[in-house]
Amino acid sequence: MEKNPTEDEIVQFVLDIKKSEPELGIAKLHARIKSEEPTWVLSINRLKSILRSHSLIHTSSTATSNDNDVSIADEFRNRLYVSQTVSSPIEDLSLPPAIEVFNSQSRGKGLQVTSKSPKTESIPEGTVLWTEQALVLIPPISLVGLIPTGKACAYCARPLVSMSSLIASCSTCSGRWCSSRCRKMDKLHKYIRHGKYTSEWSAIEQFAVENEWSAFYQYAYTLAAATFDDQDEDPSSKHTVREGVDGLAKVRQDIRQKADPQYEKLFVGEQLDILWQEGYKVLCKFFSHLSTPSYEEYLSGIGMVNINNLDGSIYLLQSHLNHSCEPNVDVKIVGRTAGVKITANRQLRPGEELTTTYVDLKKDVTFRRQKLLEGWGFWCTCARCMLEQHGKLDDSPTEPSSKDNVFTKPAADADGPKKKKKAKGKSKKKISDSVRVRKKSVTFDDNVVQIEI
């Protein structure tokens, strides 16, 4: 006797199959269902619809799946670079309860609700999945000039505008911390602010600020944190900074840059090549007494911080989250040192991937796809994008409300550094005259404002 299966029955059947064959496509999945449940009346279109509604079908890609997609116009396909992104697993990665890492050909590395245990239940909406502090907390380059003189915290870069009793001072240099906690967490200070190589580190900061190149400074800081963490390893820490950084997704910045339509314009590519080489020379002067990265490693490092940073810093677990234009988790930055909080924004089923958004979801499909192509090298073909593309979903862009509290995963210099003519003096702004606004990202067109007190 024929039977119309319920949505729950179909979802459970699919989840059971995906435990052993996670890469099974729609056509083969439908054939398997018809073979094992011959009485079920189930069209392939209904199957697709149900899987999409439960985020069990992934037509978008953060790996290699749309390199050969014939639906993508040549002008965009030629700019894809996601297949050249590489990522390594991190052994014994500490994970929250009911969360596991997966690695697939279509989605790359990601996080999902565990499906291995039969006791795993759906995770309710509003559940805080985990919180985490930054693996590498990186000062914004707009504030690095304040740190050597003690006008900003040497760890979190919070401007120090008062003589609070909580402020801790360095006994060797003019550096200060906003609290004893920041002083304890700052493992890098003694290496970059003391000793005979402080001038080389100052040159790195100066080069980053003068060229308004956040990603260069973020990579230099991350590399320094990983290098000195190897020498000053904390036995209580399960993973070193080096292990975490080595496990992040990486792609060379020169490959990323070609996704920018401006790159092909006269002399733009040549100017960027010159700037990258200048930055490499500055970087090598500091790391020459340690372990100097090769030029290829340097370009991969710049690309790595661009595709992984959140608000300018690096988070280990959060960086595992792949993109969706209909994300099922919210990522909220609690504070510079407090880190981030990851919350389920709807019910999550066993085996379901956790997704965040890398772009502004208030924008239309054209904007979102362009930013994803430039920043992460893939062409989004998720259900929402496809519906908007074919006019079946309203994609009229709306301006985000000032009350919205949405944090995306930004590319720090999504389009690379911007070479500018050197001015006689940098624009400066007093703390008292400025409004403290957290920037989601530092992009190609952003101006860096040095702050003085």
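The first residue in the sequence is number 1, and the count goes up from there. What you are looking at is a predicted structure, and each value in this text was computed from that prediction instead of being measured. Below, all heavy atoms of this structure are taken into account, side chains as well, without hydrogens, waters or symmetry copies.
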Measure the spacing between [atom1] of [X] and [atom2] of [Y] and express it to the nearest 0.5 Å.
| X | Y | atom1 | atom2 | value |
| --- | --- | --- | --- | --- |
| Y155 | R336 | OH | CZ | 8.5 Å |
| T343 | N328 | OG1 | CG | 12.0 Å |
| C380 | H323 | SG | NE2 | 4.5 Å |
| E297 | I302 | CD | CD1 | 12.5 Å |
| L299 | Y219 | CG | OH | 9.0 Å |
| I192 | I147 | CD1 | CD1 | 7.5 Å |

Where does the angle between the aromatic ring planes of [X] and [Y] fall among parallel (under 30°), tilted (30 to 60°) and perpendicular (over 60°)?
| X | Y | result |
| --- | --- | --- |
| Y217 | W201 | tilted |
| Y298 | Y295 | tilted |
| H189 | H194 | perpendicular |
| Y358 | F378 | perpendicular |
| F207 | W213 | tilted |

Sub-4.5 Å side-chain heavy-atom contact between [X] and [Y]:
| X | Y | value |
| --- | --- | --- |
| E353 | L111 | no |
| E352 | Q112 | no |
| V128 | I342 | no |
| L361 | R384 | yes |
| T222 | V305 | yes |
| Y315 | L135 | no |
| L248 | S319 | yes |
| Q277 | Y280 | no |

Closest non-hydrogen atom pair, [X] against [Y]:
| X | Y | answer |
| --- | --- | --- |
| S174 | P148 | CB-O, 3.4 Å |
| A154 | D186 | O-OD2, 3.4 Å |
| P124 | A344 | O-CB, 3.9 Å |
| A383 | E326 | CB-OE1, 4.3 Å |
| G375 | I307 | O-CG2, 3.4 Å |
| P327 | C325 | CD-C, 3.4 Å |

Side chains of N345 and E125: any donor to acceptor distance under 3.5 Å?
no
Is it the case that the side chains of K341 and T131 hold a donor-acceptor pair, with the cut-off being a distance below 3.5 Å and no angle test?
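Their side chains do not contain a donor-acceptor pair, so the 3.5 Å distance test is not met.
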Test side chain to side chain contact (heavy atoms under 4.5 Å, CB included) on C156 and L137 and set out the steps.
CA-CA 7 Å; C156 72; L137 185 68; 4.2 Å; yes
Tell me if a side-chain donor or acceptor on [X] pairs with a main-chain N or O of [Y] at a distance below 3.5 Å.
| X | Y | value |
| --- | --- | --- |
| T85 | V251 | no |
| E132 | Q318 | yes |
| R368 | K363 | yes |
| N308 | A249 | yes |
| Y81 | W376 | yes |
| K371 | R369 | no |
| K109 | G247 | yes |
| T127 | I123 | no |
| D229 | T240 | no |

In plain terms, say whether [X] and [Y] are close enough for a salt bridge, that is, a side-chain N and a carboxylate O under 4.0 Å apart.
| X | Y | value |
| --- | --- | --- |
| E205 | R193 | yes |
| K258 | E374 | no |
| D254 | R252 | yes |

W177: which of R183, M185, K184 passes side chain to side chain contact (heavy atoms under 4.5 Å, CB included):
R183
Show your reasoning for whether side chain to side chain contact (heavy atoms under 4.5 Å, CB included) applies to T355 and L321.
CA-CA 6 Å; T355 56; L321 293 172; over 6 Å; no
Run the side chain to side chain contact (heavy atoms under 4.5 Å, CB included) check on S313 and I138 step by step: do they pass?
CA-CA 5 Å; S313 293; I138 307 169; 4.2 Å; yes
Take N309 and Q218 through the test side chain to side chain contact (heavy atoms under 4.5 Å, CB included) and record every step on the way to the result.
CA-CA 9 Å; N309 89 85; Q218 289 165 2; 4.1 Å; yes
Steps toward side chain to side chain donor-acceptor pair (under 3.5 Å) verdict (W276, E278)
CA-CA 5 Å; W276 292 335; E278 290 177 352; over 6 Å; no
